[in-house]
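In what follows, residues are counted from 1 in the order of the sequence shown.
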Amino acid sequence: MDGPRYHQIAGALRERIEAGEFAAGRLLPSETELCADYAASRVTIRRALEVLRDESLVASRQGYGWFVAADPLRQSLGRLATIEAQLAESGIVSQRRVLEFGFGVAPDAVRRALGARRVLTVRRLNLADGTPFARVTVWCPEALGRHLSLAEVERSPFYELLEVDLASATQTVTADAAGEADAELLEIPRGSPVLVCTRITHSADHEAVLMSEHVFPAHRTEFVVELTRIDHSIAPSGLRLVEPSAHPA
């Protein structure tokens with residue numbers, strides 16, 4: 001009978017989740033893979049997953065498939081802070097894995113933002129409780145970053161390493177689809193929704209000293225903005241419409 005079968009599969013998946021085989025926020029195998037694993041029809045697999053969704057153990061989202069339910073990782077846009085600091089406040093253990101470290105010619109957009117021809121480029125993967133959470137690329141003018149080592153940037157954020165007083169940052173958040181490289185790093189389907197944050201950090205002397213790009217899986221990330229009422233309006237400040245031609249393909 002179909003009923004007992006989908007309950008059996010739900011029980012088996014529940015045991016795997018509770019045993020930690022799939023961490024919070026981590027994608028489950030696709031419905032096709034589960035059909036093969038349990039020799040069951042897609043209808044049966046979907047009913048099993050719906051049982052677990054009713055128990056708040058799993059969730060689904062268009063473009064991702066099914067994943068282990070977890071509260072979104074929240075970040076405040078109202079203050080200048082690192083990812084690690086904000087995760088630590090929520091009791092989440094963060095880890096960074098450096099994928100690229102080197103000095104070279106700045107990409108055009110970075111050169112325009114920082115006014116530097118040569119930069120230190122650091123590309124890394126950030127993890128939250130062992131699960132990929134963000135792909136981050138940071139560019140720093142060579143003059144400011146020449147004393148830094150790979151071990152230092154893997155251990156500490158740039159905000160703690162630069163020998164300048166940091167005062168402010170401008171951050172732009174856009175929506176995009178995960179490319180092949182980011183999808184592999186973040187363990188999400190290619191083309192699934194991601195949030196892309198571009199941040200330019202300024203020193204107390206109003207000099208741009210860092211540019212960074214952060215790519216977050218949209219199903220795990222939540223940005224929070226505190227709004228104050230000004231002129232009888234509580235609309236978010238800095239809202240800007242993007243022309244279709246300005247969007248990357």
Side-chain angles (χ1 to χ4, degrees), residues 1-75 83 87 90 92-97 99 123-137 173-197 213-224 247-249:
M1 294 289 291
D2 188 48
R5 181 63 176 144
Y6 77 76
H7 277 295
Q8 290 170 7
I9 295 172
L13 287 171
R14 187 186 300 109
E15 289 178 2
R16 294 171 70 181
I17 292 170
E18 292 175 347
E21 182 176 343
F22 306 110
R26 189 66 67 90
L27 290 174
L28 296 174
S30 69
E31 290 184 7
T32 300
E33 291 171 315
L34 291 174
C35 287
D37 289 346
Y38 293 101
S41 69
R42 186 177 291 269
V43 170
T44 300
I45 292 298
R46 190 162 295 172
R47 291 188 70 181
L49 292 166
E50 288 170 350
V51 168
L52 299 181
R53 181 174 60 192
D54 291 343
E55 298 174 3
S56 299
L57 282 178
V58 303
S60 63
R61 183 172 292 187
Q62 184 69 31
Y64 285 103
W66 295 86
F67 54 91
V68 180
D71 291 333
L73 298 173
R74 298 183 125 204
Q75 295 186 63
I83 296 174
L87 293 181
S90 302
I92 296 169
V93 177
S94 62
Q95 179 186 353
R96 55 177 64 212
R97 185 181 303 157
L99 309 170
R123 183 168 166 266
R124 70 175 190 261
L125 180 66
N126 277 58
L127 300 100
D129 286 340
T131 300
F133 169 56
R135 189 272 294 163
V136 181
T137 304
V173 183
T174 58
D176 205 346
E180 184 174 355
D182 282 334
E184 182 177 354
L185 283 173
L186 298 172
E187 299 178 6
I188 56 177
R190 181 178 180 180
S192 57
V194 292
L195 296 175
V196 181
C197 301
E213 180 184 72
H214 308 247
V215 178
F216 302 97
H219 76 293
R220 293 210 68 199
T221 310
E222 186 176 82
F223 290 103
V224 180
H247 236 341

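- For Pro189 against Ala178, the heavy-atom pair with the smallest separation is O-CB, 4.1 Å.
- Residues passing the ring-ring contact (aromatic ring centres under 6.0 Å, His included) test with Phe22, sequence neighbours excluded: none.
- In terms of heavy-atom proximity, Phe216 sits nearest to Phe133 at CD2-O, 3.6 Å.
- Annotation: side chain of Leu49 is in contact with side chain of Leu34 (closest heavy-atom distance under 4.5 Å).
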What donor-acceptor contacts under 3.5 angstrom involve side-chain atoms of residues 179-187, with partners at least two apart or in another chain?
residue : atom : partner : partner atom : Å
Asp182  : OD1  : Arg135  : NE           : 2.9
Asp182  : OD2  : Arg135  : NH2          : 3.1
Glu187  : OE1  : Arg26   : NE           : 3.4
Glu187  : OE1  : Arg26   : NH1          : 3.0

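- Dense packing is recorded around CZ of Arg16, with more than 12 heavy atoms of other residues, nucleotides or ligands lying under 6.0 Å away.
- With values rounded to the nearest 0.5 angstrom, Arg96 atom CZ is found 11.0 Å from Leu127 atom CG.
- Distance check: His214 NE2 to Arg124 CZ gives 7.0 Å after rounding to the nearest 0.5 Å.
- Under the side-chain contact (heavy atoms from CB on, under 4.5 Å) criterion, Leu57 pairs with Arg14, Leu52, Glu55, not counting sequence neighbours.
- With a 4.5 Å cut-off on side-chain heavy atoms, Tyr38 and Arg5 count as touching.
- With rounding to the nearest 0.5 Å, the separation of CG in Leu28 from CZ in Phe67 is 9.5 Å.
- Atom CH2 of Trp66 is separated from atom CD1 of Ile45 by 11.0 Å, given to the nearest 0.5 angstrom.
- Side-chain contact annotation: Ser41 with Arg46, donor-acceptor N/O pair under 3.5 Å absent.
- Between Val215 and the choices Val194, Val136, Leu195, the side chain to side chain contact (heavy atoms under 4.5 Å, CB included) rule is met once, by Val194.
- The two residues Ser60 and Arg53 have their closest heavy-atom pair at OG-NH1, 3.8 Å.
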